[in-house]
Amino acid sequence: MITSILFILLLAAGTTLFTINVRKVRRNILLGKETERKDQPGMRWKTMARVALGQSKMVTRPIPAILHIFVYVGFVIINIEVIDMFVDGIFGTHRFLSFTGGLYNILVATFEILAFLTTFGCAVFLIRRNIVHVKRLVSKDLTGWPRTDANAILITEILLMTAFFTMNACDALLFNMGSHHYNVAFANPVSHYLMPLFSGMQEGTLIFIERFCWWFHIIGIISFLNYLPYSKHFHILLAFPNVYFSNLKKKGEFTNLESVTNEVKAIMDPSFMPPPADPNVQMRFGAKDVTDLSWKQLLDAYTCTECGRCTSACPANITGKLLSPRKIMMSTRDRLEEVGKNIDANKGEFKDDGKSLLNDYITPEELWACTSCNACVQECPVNIDPLSIIIDMRRFLVMEQSAAPTELNMMFTNMENNGAPWQFSPSDRLNWTKE
Amino acid sequence: MKVIHNHHSTIIIHTMENQTSTTDTQTTKQPLVVPTMADYMAKGESPEIVFWVGCSGSFDDRAKKITKAIVKILNHANVKFAVLGVEESCSGDPAKRAGNEFLFQMQAMNNITVLNGYDVKKIVTGCPHCFNTIKNEYPALGGHYEVIHHTQLLQDLLNSGRITIEGGSFKGKKITFHDPCYLGRGNDVYEAPRSVMVNLDAELMEMKRSKSKGLCCGAGGAQMFKEAEKGNKEVNIERTEEALALNPDVIAVGCPFCNTMMTDGVKHFNKEQEVKVLDVAELIAQANDL
């Protein structure tokens, strides 16, 4: 009875805290500017099914793809087991789902096999990060917290799975003993091998270990859920909406800046009347800070799990330039978090902190190294678009600060004067026909 | 590690110095017929397609050869085409990629005025950057055209039998194709250049990073017009290395910028005698001895 109340309180606290944090993330994302990403729902659902659910973009790197599938399927399916534990926790039942009879054997056996594969996957991931040192997983982008975050996630998952196996092993021993309350037989193809470790223990000790593991597992899951909004691991939830709201256009197409269109039309046609500007929206060409980006670009930042496929395919990064598309996403999230905290601290109003995404987080040198080749966009397994952020920030540098590299300014001048990026006379355009 | 300094500028200067030179190493067998839109207009006719030459194709000495190869093929296939000539202006791509949306839109709207004035329906470009910009970014500004890249036109001409290739001079040669970013990833066109080259009876080889995984030549995003940022290698050297590892006779390209970058890369490795960098259009024109 007391344990039930304790459990319910814990569950309520966990979900409340999670809801509060998710709402903050949602508010932060909605600080971004409007962008049309709700058209073609059919196409969007299909893309989500293929890319997020089906992980179609992971397969290009088969080893991490298979390991990731283990952890991913494990995560999704083992959630059914959590239902079992939740009902037991609330009503004090034991293995509630056992009413399914023969099916329960299949269920627990499946959970155990998946839990084993998850553990295996996480262990190999830890090895790849800390022993094999896979290049994209040890890059300087990840110095400090991101590396700790990655290891914490993997270790937590291994601990959760270990608790699950230990719990099942002790439960099976208690069943064999005929212990009161432990009255459900279940197939345990993996934890079966752990049973010798605990056999010979007193009934009370076994019950203690079993209960400890049960609480460890369930508290672990609730804590892990609440860790997500602070972690790169948030991708397990955000990958789905993020892919749903993907850019469905050709990657080569860059956004059209309508504010510029109005000005250009007014220059070309004096009778053109631009639509009245919204006085509540600060007019700015391009992006200086996170609030100049679109909500989708901000959602991208929260979705990024820092796998580094983008950076490992980036021609600028490969040849030693400062640019790393992954770091662009990480910087965007870091700055957005900072802006969010600022809003929280100032009663819902952002107070100028003299900082911005540009310069304080992302330097012009990074932005000017990009070849706009779209390799980063192509590589991202969850359809994040670092390139669009780079271009929006270039737009700010060029149009608001006239801060393009000198050679580019020369190119602009040539184009304005001659209609070509080089200094040739437009009247010579057909000279090639006579040569 | 030796880093080529200022290689884009070198090319640009080189082009300007030679601007008055009229020598073309390839002897033109038949004079090129290059009608302009204004010519058609004067006759009250309209062409099948407008050939958008692009700034490189008009002014860069190396790219002009690609332009001529395309025209030779168009003439050979009796395609009723026209160029805009002096009425053509930069598509605005480098301005847009560099973040100068004003300049881009000025260029785009001026071009759209010219194109719409001639009631243009279909455009073929000699450059994937013009192709992408006109196809994808002009519609929002009022320019709606069917736009194809020249490798797609070549594919159409081959499929419809308007041109044929019987092996020719590239039979058995080793050719690897370098995907231009704005044709490949940018617009998902991977097969057109390859299906055209199949007709050469050559040995087509793929680099490890090809198609959607293709590595950029280093010129995109307006990098063509500036020094690369500080790094430990030039992108074109990285890419050329990968191509040369296949020991090809020809590195095929479909973009004048890629052509410059890969040509520079091949020179860097002193391989210009053994390895040619040629546009797909040049391959087809040369195979047909045009």
Side-chain angles (χ1 to χ4, degrees), chain A residues 60 249-254 256-257 260-261 263-265 267-268 285-286 313 315-316 318-323 365 368-375 377-378 391 394-399 404-405 407-408 410-412 415-416 419-424 426-435, chain B residues 12 15-16 19 22 24 32 34 36 53 55 58-59 64 67-68 83 85-86 88-90 92 94-103 105-107 109 132 136-137 140-141 181-182 185-188 212-213 215-216 218-223 225-235 238:
Chain A
T60 50
K249 293 176 180 159
K250 293 287 183 208
K251 288 189 205 62
E253 178 180 343
F254 288 11
N256 182 58
L257 273 192
V260 172
T261 309
E263 298 220 2
V264 173
K265 277 185 181 163
I267 294 168
M268 293 179 73
F285 297 122
I318 289 170
T319 55
K321 276 82 173 177
L322 199 57
L323 175 65
E365 184 181 340
W368 291 120
C370 175
T371 67
S372 76
C373 75
N374 259 309
V377 184
Q378 175 71 39
I391 295 301
R394 279 187 179 185
R395 285 171 172 172
F396 179 81
L397 283 173
V398 171
M399 291 191 286
E407 304 111 303
L408 289 187
M410 277 159 57
M411 182 265 283
F412 296 151
M415 199 186 289
E416 275 171 45
W422 299 291
Q423 208 173 10
F424 292 111
S427 59
D428 291 341
R429 270 206 182 253
L430 275 178
N431 282 5
W432 59 271
T433 58
K434 301 174 208 111
E435 286 165 8
Chain B
I12 297 159
T15 309
M16 289 194 291
Q19 205 209 333
T22 52
D24 189 0
L32 299 178
V34 192
T36 61
V53 181
C55 300
S58 302
F59 296 123
K64 281 191 250 183
T67 308
K68 287 184 198 173
V83 297
V86 295
E88 188 185 288
S89 191
C90 178
K96 182 142 183 135
R97 309 306 137 192
N100 196 336
E101 186 72 9
F102 268 106
L103 183 53
Q105 292 201 11
M106 292 291 283
Q107 287 299 119
M109 284 198 211
N132 173 68
N136 296 321
E137 292 164 350
L141 301 168
C181 302
Y182 278 86
R185 271 190 299 272
N187 286 286
D188 305 313
S212 68
K213 292 209 162 262
L215 184 75
C216 176
Q223 297 292 341
F225 306 97
K226 65 185 272 293
E227 272 305 296
E229 299 301 313
K230 204 162 92 338
N232 52 32
K233 200 178 193 178
E234 294 289 334
V235 178
E238 168 84 13

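Naming: A, B, ... by sequence-line order, numbering from 1 per chain.
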- Note on the structure: Closest heavy-atom pair, Glu253(A) versus Asn136(B), reported as atoms and distance to 0.1 Å, is CD-O, 3.3 Å

- Val86(B) and Pro426(A): which non-hydrogen atoms are nearest, and at how many Å? CG1-O, 3.7 Å

- Query: Do you know which two heavy atoms are closest between Gly419(A) and Ser89(B), and how far apart they sit?
  - Reply: CA-OG, 3.2 Å

- Query: Glu407(A) side chain to Phe225(B) main-chain N or O, any donor-acceptor pair under 3.5 Å?
  - Reply: no

- Query: Is there a donor-acceptor contact under 3.5 Å from the side chain of Glu137(B) to the main chain of Phe254(A)?
  - Reply: yes

- Query: At a heavy-atom separation under 4.5 Å, does Leu323(A) approach chain B through its side chain, its backbone, both, or neither?
  - Reply: neither

- Query: Within a strict 4.5 Å, meaning less than it, do heavy atoms of the Gln105(B) and Asn256(A) side chains meet?
  - Reply: yes

- Item | Residue list, ring pair (Phe, Tyr, Trp, His ring centres under 6.0 Å) with Phe412(A), at least two apart or on another chain | none

- Query: Shortest non-hydrogen contact from Arg429(A) to Ser58(B)?
  - Reply: NH1-OG, 3.5 Å

- Message: Closer than 4.0 angstrom, basic N to acidic O: yes or no for Lys321(A) and Glu229(B)?
- Response: no

- Note on the structure: When every non-hydrogen atom of Ser372(A) is compared with those of Gly220(B), the smallest separation belongs to OG-C, 4.1 Å

- Item | chain A contact via Asn100(B) - which portion, at a heavy-atom distance below 4.5 Å | both

